[in-house]
Number of protein chains: 2
Amino acid sequence: MTNVASLAGTAALIGDPARAAMLVTLMDGRALTATELAGAAGVTASTASGHLARMLEAGLLALERQGRHHYYRIAAPSVAGLIESLMSVTGELSAARRQCRPVRTGPSDRALRRARLCYDHLAGEVAVGIAAGMIARGQLDLGQDGGALTDEGLNFLASLGIDLDSGAPARSLHSRLCRLCLDWSERRPHLAGEIGRALYGALVRERWVAGPSQGRTVTITPLGRGKLERHFGLALAWSLSCSD
Amino acid sequence: MTNVASLAGTAALIGDPARAAMLVTLMDGRALTATELAGAAGVTASTASGHLARMLEAGLLALERQGRHHYYRIAAPSVAGLIESLMSVTGELSAARRQCRPVRTGPSDRALRRARLCYDHLAGEVAVGIAAGMIARGQLDLGQDGGALTDEGLNFLASLGIDLDSGAPARSLHSRLCRLCLDWSERRPHLAGEIGRALYGALVRERWVAGPSQGRTVTITPLGRGKLERHFGLALAWSLSCSD
DNA sequence: GAGATGCTTCGGTCGCGCCCGAAGCATCTC
DNA sequence: GAGATGCTTCGGGCGCGACCGAAGCATCTC
């Protein structure tokens, strides 16, 4: 019973709009100052400070102090996973409630819908398109509980400089497993987990995409636009959300 | 921003102790009446009715009416996943807060700690032991984003009457993927997802375990005790929680 | 039909917690 | 040192929502 109480406590913590806004803002994986988070949540600094202290105490956030600045960030991947889980359920529910007519899910910001950071991996139309392209090209095998890379998939990632078997020669099977994350705006799976993180790192390193200068929005470089089109059949001029 | 609001709304819904108690009670996958849930949450029928109506409206619960009885159940696997996610985060946090000394995680009920139903699959010491045994015997390959069955694992499950490749001959790779769920009380992984569900079904069918007559507690049959010991090295006379 | 049972709706009470402004620390700059 | 900036703590106002009991509705039993 005491566990139910702490479970409810954690949920209630996320259940406040101001705190939820802070957590979602931090889902890009960065660490932000208390003032910045106050602005993101639309509350005064004193109110934000109280919220942040509570989330820190509860272990949802971690704190790094540099001089007079206090940088807050998501404390652990499991917390990010929880927020993702909430986004998915919330998305499904709101989509289910108003079923008819093509609902516009996710944020209204066009660039944010296209490509954004989801804690440590890529999300949005582009990420969903990458996953769909890999599936279509036989690089990714989709199961009910996740995905698995095929030989072609391993080779493709290797061509991007991602060597998943490094350091563990005998673990070729599990290195192929990839966690899938139901895309917040697209409602279709994209690559998350270890491989999602590695893929995002490679895309940045190869300059297909550029990480967010502020916010969560990831931008596609001209080079990346061509590469994505050639490798995954992504035509970024039109809206991917119409397909399927 | 509107999405943040609905995310916070969903979290706030779970954030009330009475509603959280109801949801956790329903995590055994059964459908319970409003009166039963009121008792589980420790509130009057009228209060419970209000809570249930809100969770129904939000899509967290589904309703089935039979005569004058209203049976409520978890609406979707994604909702169960969200509760699981909350349990894991909450567990990790409470474990992290009081780090030293061997914390007794999860429920105090001995039988519940040993084996219980987690929505649609087995959880508790036995479930963790099964996963550990399969890993030790080379039947399950553990990765960072999940697990995968080896050939030995496929054969073992087939010997239990679980044929994962049925109906989809070409999908042998993805049929091996299994979602892992961090055990609420044990803090170590057990089998969840499609394979976890199938495994639990097989264990019940083979009479290794008996499903809950009430509550979430699953009982191990004398037959199952022997089988579990032989196949996984589980010695159920002593406490598994000491190992590792 | 009358009575019992399960559930919901309604009205009213009450407390938790969200919010802000002001004041108090801590840190950096000059 | 004085002043500015970032953050937290404190005190008080106020609204949302959890809660209950009573009444109302639906369903089953006899």
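Lettering follows sequence order; numbering is per chain, from 1. Remember, predicted model here, so these are calculated numbers, not experimental data.
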What side-chain donor-acceptor pairs closer than 3.5 Å can you find for residues 11-23 of chain B, not counting sequence neighbours?
from, atom 1, to, atom 2, distance (Å)
B/D16, OD2, B/A18, N, 3.0
B/D16, OD2, B/R19, N, 3.2
B/R19, NE, B/L13, O, 2.5
B/R19, NH1, B/H51, ND1, 3.0
B/R19, NH2, B/A12, O, 3.4

How long is the line joining [atom1] of [X] and [atom2] of [N], in whole Å?
| X | N | atom1 | atom2 | value |
| --- | --- | --- | --- | --- |
| B/L52 | D/dC19 | CG | P | 12 Å |
| A/L56 | D/dT9 | CG | C1' | 16 Å |
| A/R65 | D/dT8 | CZ | P | 8 Å |
| B/R68 | D/dT27 | CZ | P | 11 Å |
| B/H69 | C/dT5 | NE2 | P | 12 Å |
| A/L32 | D/dG6 | CG | C1' | 15 Å |

Worksheet item: Looking only at side-chain N and O atoms, does B/H70 come under 4.0 Å of OP1 or OP2 in C/dT8?
Response: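 Answer is yes, contact under 4.0 Å.
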Discussion item. So, OP1 or OP2 of C/dT8: does either fall under 4.0 Å of a side-chain N or O from B/Y72?
Written reply: yes
Practice prompt. Assign A/Y71 to base, sugar-phosphate, or nothing according to its heavy-atom contacts below 4.0 angstrom with the strands shown.
Written response: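 A/Y71: no heavy atom of the nucleic acid under 4.0 Å.
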Worksheet item: When we call it a touch if two heavy atoms are under 4.0 Å apart, what does A/A45 touch: a base, just sugar-phosphate, or nothing?
Response: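 Touches a base.
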Item to complete: Apply side chain to side chain donor-acceptor pair (under 3.5 Å) to A/T44 and list each qualifying residue two or more places apart in sequence or on a separate chain.
Response: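 Per chain and number, A/T44 pairs via side chain to side chain donor-acceptor pair (under 3.5 Å) with A/S46, A/T47.
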Fill in: Partner set under side chain to side chain donor-acceptor pair (under 3.5 Å) for B/S49, not counting sequence neighbours
none
Discussion item. Take N1-N3 plus N6-O4 or O6-N4 for Watson-Crick, N1-O2 plus O6-N3 for G-U, both under 3.5 Å. Which runs of 3 or more such pairs involve DNA chain D?
Written reply: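 So the stems come out as C:1-30 with D:1-30.
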Worksheet entry | Annotated protein contacts, base or backbone, on nucleotides 17-24 of chain C with a non-hydrogen cut-off under 4.0 Å, one of B, S, - each | -SSBBB--
Discussion item. Going by the rule side chain to side chain contact (heavy atoms under 4.5 Å, CB included), which residues pair with A/E84 if we only count those two or more places apart in sequence or in a different chain?
Written reply: A/M27, A/C118, A/H121, A/R179, A/C181
Worksheet, complete the sentence: With sequence neighbours left out, the residues meeting side chain to side chain contact (heavy atoms under 4.5 Å, CB included) with B/T25 are B/L32, B/L37, B/A40
Worksheet item: Do any pairs count as a side chain to side chain donor-acceptor pair (under 3.5 Å) and have a residue in residues 199-212 of chain A, sequence neighbours left out, and if so which ones?
Response: none
Item to complete: Kindly state each residue pair satisfying salt bridge (Lys or Arg N to Asp or Glu O under 4.0 Å) with at least one member in residues 65-78 of chain A, sequence neighbours excluded.
Response: none
Item to complete: Provide the closest heavy-atom pair for A/Y72 versus A/A34 in the form atom of the first, atom of the second, distance.
Response: CE1-CB, 4.1 Å
Item to complete: With B/S85 as reference, evaluate A/I83, A/L82, A/V79 under the side-chain contact (heavy atoms from CB on, under 4.5 Å) test and give the passing residue.
Response: A/L82
